[in-house]
Amino acid sequence: MDISERILKYLSNSENVDTLKLASEFNEDHQKIVGAVKSIEALEMVISEAVKSTKWELTDEGHSVASAGSHEAVLYRGIPEEGILQAEVMKKVPNAKVGFSKAMSLGWIFIDKSGGAPIVKRKVSSIQDIVQENLNEIKKGIDNLAENVRNDYKKRKLLQEITLKSFILRKGPQFATTIKKLETDLTSEMILSGSWKTLQFKPYNFDALGQPPECGNLHPLLKVRSEFREIFLEMGFEEMPTNQYIESSFWNFDALFQPQQHPARDAHDTFFISSPASTTQFPMDYLERVKKVHSEGGFGSQGYRYEWKIEEAQKNLLRTHTTAVSARMLYQLAQQNTFTPRKYFSIDKVFRNETLDATHLAEFQQVEGVVAARGLGLADLISLLDAFFRRLGFHRLQFKPAYNPYTEPSMEIFAYHEGLGKWIEIGNSGVFRPEMLLPMGLPEDVSVIAWGLSLERPTMIKYGLNNIRDLVGPKVDLQMVQNNPICRLDK
Ligand code: FB9
């Protein structure tokens, strides 16, 4: 017979019963009794009322006294017939300090100082360890202790009073000693045969939660990317097409006025493609102007004065920044007959041949904003950065002069992060150089301001991750992907 039916049988012979009593009678765990009660209560077969009761039970020390004897009894038994030096017995016997004073007050022992050093001797030939006997009675559930004795044991931390939550059961409106199988579905057969008239149906539980739907979950990076995309779109930016990871060195470096001997163009920092190793399709008139501005200067610049080689510009690589895409977009903008101001953004992968560590992989997602208009300057860049990062919840920015080959001036961006309680670097920015913009054909009074940051850093801070491998790669905990909350960058 299962527990539910045993409870119903028991209740058929009594008005009410406490679940604690049932647990003791059935020798079952109280929680199992409560679980069974909840299921038959849902069928209205019983009614339960929550009650609180208190009970005295042994502490850990109480259990050790119940098995080994009280401290005073242990001390008494530790004294040999001839007695023992007081200092020795205090060292030898556990809890001797408590045991000694109790044994003295009970008249079990005395101290003989006649021979100089105090010697502890037995005063009686036998003792009755009442404390141990009382505690073992309580262990059996028999509690006849006098109040003063109980308080003494509580004071000695042998007993503790605990509060018990249980339920008083009584018969419900649908009480029966057997549980009728309740139908959970009304079928066509029941309707046709008319059996539904005599069957009992399980009541609907409208409070029951639905099964969480098995569905996919957005990766934290994608959640943060959506937030960034929203911010850019609400600021009137349009997204650049970044679906081409392989780029030519021309667009990734030369178009940005990054000289061919720059260390970033070395194989230690850049992933070059072996096949196809090079590209030959370029806007050749534009390429010639780039070659000239690198090698001889022009547009007011003295250039780098080195022998610029097309073979270097033709090398294919994995783009090292999305600024390569910005260059393509700005060149395209320059081909218009009439210049129109534009605001572009991109969020996509870039690749760098870097030393891997806890926060760096060989790729990361770069976030980049670009604004092209007549007469823009550093003040416009600073106010734009303030407006952008304010939407990320940053209200205190600081800027530090920096260097980029393609922007002058350039600034590193820092913000005070309230949550971390410190200033953190949040990106880099600058005004694209004329040596980059004028060879494209943009009007002389058009300037372009831009800035960049990564997607991984804000995501790791937002979701409290310290190692990039907990965010991307084969070791990512998919439970983290399922459990992590929605992303609110400004909160
Ligand atoms: O993302 C970065 N930090 C950051 C950003 C947001 C953020 O948000 C908070 C919690 C909500 C927190 C931190 N950084 C840029 C700064 C540092 O993390 C830095 O150590 C790592 N940087 C990357 C480059 O590493 C090789 C982050 C990445 C970066 C740096 C510069 C650019 C883009 C990405 C750029 C640019 C640029 C400059 C001028 C013109 C056009 C583009």
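Sequential numbering from 1 along the given sequence is applied to the chain's residues. Counting starts at 1 for both ligands and their atoms, following the listed order.
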Polar pairs, ligand 1 vs protein, N/O only, below 3.5 Å.
| residue | atom | partner | partner atom | Å |
| --- | --- | --- | --- | --- |
| ligand 1 | 1 (O) | Ser454 | N | 2.9 |
| ligand 1 | 1 (O) | Ser454 | OG | 3.2 |
| ligand 1 | 3 (N) | Glu425 | O | 3.0 |
| ligand 1 | 18 (O) | Arg457 | NE | 3.4 |

Distance-only check: which donor-acceptor pairs under 3.5 Å involve side-chain atoms of residues 355-366, not counting sequence neighbours?
| residue | atom | partner | partner atom | Å |
| --- | --- | --- | --- | --- |
| Asp357 | OD1 | Thr359 | N | 2.8 |
| Asp357 | OD1 | Thr359 | OG1 | 3.3 |
| Asp357 | OD1 | His360 | N | 2.6 |
| Asp357 | OD1 | His360 | ND1 | 3.2 |
| Asp357 | OD2 | His360 | ND1 | 3.4 |
| Glu363 | OE2 | Lys349 | NZ | 2.8 |
| Gln366 | OE1 | Thr322 | N | 3.2 |
| Gln366 | NE2 | Thr322 | OG1 | 3.3 |
| Gln366 | NE2 | Glu368 | OE1 | 2.9 |

Show which side-chain atoms of residues 407-421 pair as donor or acceptor with protein atoms under 3.5 Å away, not counting sequence neighbours.
| residue | atom | partner | partner atom | Å |
| --- | --- | --- | --- | --- |
| Thr407 | OG1 | Asn404 | ND2 | 3.1 |
| Thr407 | OG1 | Ser410 | OG | 2.5 |
| Ser410 | OG | Asn404 | N | 3.4 |
| Ser410 | OG | Thr407 | O | 2.9 |
| Tyr416 | OH | Gly421 | O | 3.3 |
| His417 | ND1 | Gly419 | N | 3.1 |
| His417 | ND1 | Leu420 | N | 2.9 |

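Smallest separation of non-hydrogen atoms from Gln174 and Leu43: CB-O, 3.5 Å.
Cation-pi contact between Arg229 and Phe345: absent, since separation from the ring centre below 6.0 Å together with deviation from the ring axis within 45° is not met. Under the 6.0 Å distance and 45° angle rule, Lys38 counts as a cation-pi partner of Phe167.
Sorted by first and then second residue, the side chain to side chain donor-acceptor pair (under 3.5 Å) pairs with a member in residues 472-482 read Gln479-Asn483; sequence neighbours excluded.
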